[in-house]
2 protein chains.
Amino acid sequence: MVAEGAGTTRAQIVDAANRLFYVKGFEHTSFAAIAETVGISRGNFYHHFKSKDEILGAVIEARLQSTRAMLAEWDRDEPGPAERVRRFVEIVIANGADIQDFGCPVGTLTNELAKLGHPARPQAVAVFDLFRTWLRAQFEELGLAVEADDLAMHVLAFSQGAATLSNAFHDGEFVRREVDRLHAWLDERLAHGRPIAGSAH
Amino acid sequence: MVAEGAGTTRAQIVDAANRLFYVKGFEHTSFAAIAETVGISRGNFYHHFKSKDEILGAVIEARLQSTRAMLAEWDRDEPGPAERVRRFVEIVIANGADIQDFGCPVGTLTNELAKLGHPARPQAVAVFDLFRTWLRAQFEELGLAVEADDLAMHVLAFSQGAATLSNAFHDGEFVRREVDRLHAWLDERLAHGRPIAGSAH
DNA sequence: GTCTATATCGGGATAGAC
DNA sequence: GTCTATCCCGATATAGAC
C-alpha cells in the first residue's frame, strides 16, 4: 500500500464519506451526496473504489489510523496514565457538539452495521478495541492489572451512555455532570489502587 | 381512536414493523419484509397506512403504550422504589440476547432518526422521557428530591452504555459486571439518602 | 379488506468517450 | 483520471379489479 497525499481524489472521497457516514449514517449516505461534497461526478467513483462497501472499508481504515494517531499523541502529551484516562473521559466534552447531533461515531456505526448484517462490522468494532486496549494499558500502568480490562470497559461504557443520551436529549449539562461523576469515580479507584502510606480512607 | 384487537391486520403490521425496525433498523426495513412477516401483499398496506412514516408513528405509539404498561406493572409488583430501580437495571440482563444482537431499541431508533433528520425523532425521545420521569419519581420517593433527575439520567446512561458495548463485543459477562457495579452504586447512594441512626459509614 | 399490476423514483453500478 | 450516458434493481406509492 502506497502512502497518499491528503489532496488526492481518493483521500477526498474517504474524508467526505467518513463525515457523511457519521452525520447521516452509512446506508443513508448516497454516492450523489459524497460526489457533491467532493465536487466530482458519480461515475468517477469507480475508478477509485469498486463498490460502496469498499469505501466503507477505507473509511474504517482511516478511522483506525486517526484513532491510533490520537492515542499516540495522548501518550506523548500527558504526563501519566491517570491524566491519559482523564483525557479520554473529556472527549465527550471536546466533541460535544457533534455528539449531541449524531452520537458517538464508533458506537453508532457499529450498531448500524450490526443491524445491516454487514460483513465490515468486525472492522468497526476494531476501533472500539483500540480504545479498550489503550485504556487497559493505562490501568495496568496504574497498578490495577487484575481489573484493568474491566475498568477499561467501564470507562468505554460511560462514554457510550453519555453520548447516546446527549444525542437524545441535547443536554450539555448532563454530559458535564456525567464526566465529573466519572472523574470522581476515578479518584476513588486510583486512591485504592495506589495506597499511600498513612492514608486514612 | 378506537381500540383494536391484537389480531387485526393493522395490529399485525405494527407488531411486525416494531420488531423489524428494531432488528434491521427503520430505513433498512422494507414493506416487502413486513408484508412477508405478516403474510399479506404490499398493496394492502395502504389501506391501513398512508405512508411508511405513518407506520413508524404507530410503532412508536405502540412502544410508548407497552412501556407505560411495563412501568405500571413494576409499580404494582415491586414493594418499593429501590426495588423498582433495580428492576430497571436488570432489564439489560433480561433482554440480554436481543441487546447483544441489536442494541437498545430506544437508543438505536432515536439515533437513527436523528441521523435521518426524521420529524418523528421527538416522538422516539418520548420513550426515553417515560423511563426518565419514572426513574426520577422513584428517586424522589427515596428522599433524593434535589438530585432525582440527575440520578435518573445516570441510570439511563448506564443502560445505554451497557447496551452499546454488549452489542459491540457480544460479552454477557461484561453486562453482568456493569449491572453489579450499578447495584453497588445504588447501595451507596441509598445509604446516603436515608441515613440510618448509628450507621458507621 | 385484500389482491395484482403498475407508476415513479433514487440507489448502486457499468460502458465507453475524452 | 474524469466525464456523460445508461443500465438495473429495489424501494415507496398508486390504481383499480375482486
Side-chain angles (χ1 to χ4, degrees), chain A residues 1-60 109 112-113 115-121, chain B residues 1-60 109 112-113 115-121:
Chain A
M1 182 172 298
V2 180
E4 70 190 21
T8 66
T9 300
R10 188 195 147 94
Q12 282 181 295
I13 291 173
V14 173
D15 272 5
N18 190 359
R19 180 69 185 171
L20 283 168
F21 289 174
Y22 177 35
V23 171
K24 303 169 91 69
F26 168 67
E27 197 179 22
H28 191 58
T29 297
S30 66
F31 278 5
I34 305 174
E36 193 182 8
T37 304
V38 178
I40 59 170
S41 70
R42 289 197 303 281
N44 192 7
F45 270 106
Y46 294 86
H47 178 72
H48 302 279
F49 299 94
K50 277 197 288 290
S51 67
K52 193 182 180 184
D53 285 354
E54 210 169 88
I55 298 182
L56 174 63
V59 165
I60 297 178
L109 180 63
E112 183 183 0
L113 296 184
K115 296 200 186 217
L116 297 183
H118 197 288
R121 196 190 76 92
Chain B
M1 183 171 298
V2 179
E4 69 189 22
T8 65
T9 301
R10 188 195 147 95
Q12 282 180 295
I13 291 173
V14 173
D15 272 6
N18 190 358
R19 179 69 184 171
L20 284 167
F21 288 174
Y22 176 36
V23 171
K24 303 169 92 71
F26 167 67
E27 197 178 22
H28 191 58
T29 296
S30 66
F31 279 4
I34 305 174
E36 194 182 7
T37 305
V38 178
I40 59 170
S41 71
R42 288 196 305 281
N44 192 6
F45 269 106
Y46 294 86
H47 178 73
H48 302 280
F49 299 95
K50 278 197 286 291
S51 68
K52 192 181 180 183
D53 285 354
E54 210 168 87
I55 299 183
L56 175 62
V59 164
I60 297 178
L109 179 63
E112 183 183 0
L113 296 184
K115 296 200 186 216
L116 297 184
H118 197 288
R121 196 190 75 92

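Just so it is clear: chains get the letters A, B, ... in the order the sequence lines come, proteins before strands, and each one is counted from 1.
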>> Taking any heavy-atom pair under 4.0 Å as a contact, classify A/T29: base, sugar-phosphate, or nothing.
In response: sugar-phosphate
> Taking only N and O in the side chain of B/N44, is any of them less than 4.0 Å away from OP1 or OP2 of C/dG1?
Replying inline: no
> Picking from D/dT12, C/dT2, C/dC3, which would you name as closest to the side chain of B/S41?
Replying inline: C/dC3
>> Of the listed nucleotides (D/dT12, C/dA13, D/dT2), which one gets closest to any side-chain atom of A/F31?
In response: C/dA13
> Taking atom P of C/dT14 as reference, at what distance in whole Å does atom CZ of A/F49 sit?
Replying inline: 15 Å
> What is the distance from CD of A/E36 to C1' of C/dG10, rounded to the nearest Å?
Replying inline: 15 Å
> Should A/S51 be listed as having a side-chain N or O under 4.0 Å from OP1 or OP2 of C/dG12?
Replying inline: no
>> Measure CD/B/E27 against P/C/dG12 and give the value in whole Å, please.
In response: 10 Å
> Do the side-chain N or O atoms of B/H48 get closer than 4.0 angstrom to the phosphate oxygens (OP1, OP2) of C/dT2?
Replying inline: yes
> What nucleotide among D/dT12, C/dC3, C/dG12 has an atom nearest to a side-chain atom of B/I40?
Replying inline: C/dC3
>> Are B/H118 and B/L56 packed together at the side-chain level, in the sense that at least one heavy-atom pair is separated by less than 4.5 angstrom?
In response: yes
> Taking atom P of D/dG1 as reference, at what distance in whole Å does atom CD of A/Q12 sit?
Replying inline: 14 Å
> Can you check the A/I55 CD1 to C/dG12 C1' distance for me, whole Å?
Replying inline: 10 Å
> Yes or no on ring pair (Phe, Tyr, Trp, His ring centres under 6.0 Å) for A/F49 and A/F31, after CA distance, side-chain angles and deciding distance?
Replying inline: CA-CA 11 Å; A/F49 299 94; A/F31 278 5; 9.0 Å; no
> Rounded to whole angstroms, how far apart are CG on B/L56 and P on D/dT12?
Replying inline: 13 Å
> Which part of the nucleic acid does A/S30 contact within heavy-atom distance under 4.0 Å: base, sugar-phosphate only, or nothing?
Replying inline: sugar-phosphate
> Think B/K52 forms a cation-pi with B/F26, using NZ or CZ under 6.0 Å from the six-ring centre and within 45 degrees of its axis?
Replying inline: yes
> Just checking A/Y46: base, sugar-phosphate only, or nothing, at a heavy-atom cut-off of under 4.0 Å?
Replying inline: base
> Given atom CZ of A/F45 and atom P of D/dC3, what is their separation to the nearest angstrom?
Replying inline: 10 Å
>> For the CD atom on B/E36, are there more than 12 heavy atoms of other groups (residues, nucleotides or ligands in this structure) within a distance under 6.0 Å?
In response: no
>> Would you say A/H47 places a side-chain N or O within less than 4.0 Å of OP1 or OP2 belonging to D/dG1?
In response: yes
> Given atom CZ of B/R42 and atom P of D/dG10, what is their separation to the nearest angstrom?
Replying inline: 11 Å
> Is the closest side-chain heavy-atom distance between A/F45 and A/I13 below 4.5 Å?
Replying inline: yes
